[in-house]
Engineer: 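Just dropping this structure here.
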Amino acid sequence: MHHFDNIPPVPLTLEGASMLHQMLRVRWPEWRALTATRREEILAQAAQALTNMEGQGSAAFSLLGHKGDLMLVHFRQNFDQLGEVQRTLRHLALWDFMEQTTSYLSVVELGLYESTAKVYGSLAERGVEPHTPEWDAEIEDNLKRQRQAMHPRLFPEMPPHPYICFYPMDRRRGEHQNWYQVPLAERQRMMGDHGAIGRRYAGAVKQIITGSIGFDDWEWGVDLFAEDPLVFKRLIYEMRFDEVSAIYAQFGAFYIGQRTPVAELGKLLRL
Ligand code: 76R
């Protein structure tokens, strides 16, 4: 058994779809000031473009509360395509009556704590030094196989559930409690416990974790989808007591939305 003191602390991850959340507020006074005919024209133009987007991995959610009227959620293959989404939206007359209160950019991320420990362990046992060509090739080979197996989770369809809960979060990097200085094996154990709680909710909630380190102001975006919004409260409350959340989780703003098919957007915008 060889020991290397340069085994990477970062878990292996798989990245998939690029994701953009856009929180929008309607400029009601300006919108109201239009004639009904002009409003209908604008809605018709927007409906066409948004229906098209719905077929390509976008969905609209009506937001409850003051944080916005609408949240658009877009899954795409890459950032180029998200840029295309933004350009298409900017060309709509409706866009002049919408204000982005905030947005969030991230990529679907599967954290592979379990297999990271196995792969690093097996490489170390065989005396393969980290970051050598042999090490890199074995890691890449492993990731490639998992990428294929996980393809449906990496490029998810928009879940059909009527409710969404989105929030960004960090792992704590405090003076005394610092996730990024906890040994890999211990993080693996904690993430295992986290996953075990999550899996008990598997039938009631669909979770999509996106990574945003280097892309946005928080480290991860959490999207939960459910039939019943109370499930969000129960799941998140239970997780608060779990070590990884109790000690290391810090949360941004929460957004709760109701799926609004584009065909029904008029309901939100018609006066
Ligand atoms: O992807 C997997 O199913 C493997 C296990 C798993 C990982 C790696 C998993 C399972 N999660 C993972 C990663 Mn999660 N998750 C959250 C939150 O509110 C809170 O306290 C935390 C917010 C919820 C509600 C949730 C739900 N998870 C992560 C990460 C990345 C951290 C890292 O890599 O360091 C974060 C930030 C995070 C946060 N998680 C599950 C769930 C649920 C419901 C599951 C089970 C899913 C299933 O098996 O169907």
Engineer: Could you check whether Glu138 pairs with Arg126 (Lys NZ or Arg NE/NH1/NH2 to Asp/Glu carboxylate O, under 4.0 Å)?
Structural biologist: yes
Engineer: In terms of side-chain heavy atoms, does Tyr163 have a donor or acceptor partner in Gln258 at a distance below 3.5 Å?
Structural biologist: yes
Engineer: Would you say Arg259 and Ser62 are linked by a side-chain donor-acceptor pair, where the criterion is simply a distance under 3.5 Å?
Structural biologist: no
Engineer: Under 6.0 Å from the CD atom of Glu157, do we count more than 12 heavy atoms belonging to anything else shown?
Structural biologist: no
Engineer: ring-ring contact (aromatic ring centres under 6.0 Å, His included) for Phe254 and Phe232? Distances and angles first, verdict last.
Structural biologist: CA-CA 11 Å; Phe254 282 67; Phe232 301 143; 9.8 Å; no
Engineer: How long is the gap from CG on Leu154 to CD on Gln146, to the nearest 0.5 Å?
Structural biologist: 10.0 Å
Engineer: In terms of heavy-atom contacts, does CD of Glu140 have more than 12 from other residues, nucleotides or ligands at under 6.0 Å?
Structural biologist: yes
Engineer: Taking a hydrophobic cluster as the set of Ile, Leu, Val, Met, Phe, Trp and Tyr residues connected by side-chain heavy atoms closer than 4.5 Å, whether directly or through intermediates, do Val26 and Met71 fall within one such cluster?
Structural biologist: no
Engineer: Tell me which donor-acceptor pairs under 3.5 Å the side chains of residues 190-211 have, and how far apart each pair is, sequence neighbours excluded?
Structural biologist:
residue	atom	partner	partner atom	Å
Arg200	NH1	Glu238	OE2	3.3
Arg200	NH2	Glu238	OE2	2.4
Tyr201	OH	Glu238	OE1	2.7
Thr210	OG1	Ser106	OG	2.8
Thr210	OG1	Gly221	O	3.2

Engineer: Can you see whether Gln56 engages His74 through a side-chain donor-acceptor pair at a distance of less than 3.5 angstrom?
Structural biologist: no
Engineer: Does NZ or CZ of Arg25 lie under 6.0 Å from the centre of the six-membered ring of Phe97, at an angle within 45° of the ring axis?
Structural biologist: no
Engineer: Evaluate the side-chain proximity of Leu14 to Arg153: yes if any heavy-atom separation is below 4.5 Å, no if none is.
Structural biologist: no
Engineer: Going through the distances and angles, do Tyr120 and Trp135 end up as a ring-ring contact (aromatic ring centres under 6.0 Å, His included)?
Structural biologist: CA-CA 9 Å; Tyr120 287 2; Trp135 164 283; 5.2 Å; yes
Engineer: Is the closest basic N to carboxylate O distance between Glu15 and Arg147 below 4.0 Å?
Structural biologist: no
Engineer: Look at Glu219 together with Arg171 and state whether they make a salt bridge at an N to O cut-off of under 4.0 Å.
Structural biologist: no
Engineer: Working to the nearest 0.5 angstrom, can you tell me the gap between Asp80 CG and Ser18 OG?
Structural biologist: 9.0 Å
Engineer: Side-chain donor-acceptor pair under 3.5 Å between Arg187 and Tyr113, yes or no?
Structural biologist: yes
Engineer: For the residue pair His161 and Phe225, categorise the inter-ring angle as parallel (less than 30°), tilted (30 to 60°) or perpendicular (more than 60°).
Structural biologist: tilted
Engineer: Check step by step if ring-ring contact (aromatic ring centres under 6.0 Å, His included) holds for Phe79 and Phe215.
Structural biologist: CA-CA 11 Å; Phe79 282 1; Phe215 297 146; 5.0 Å; yes
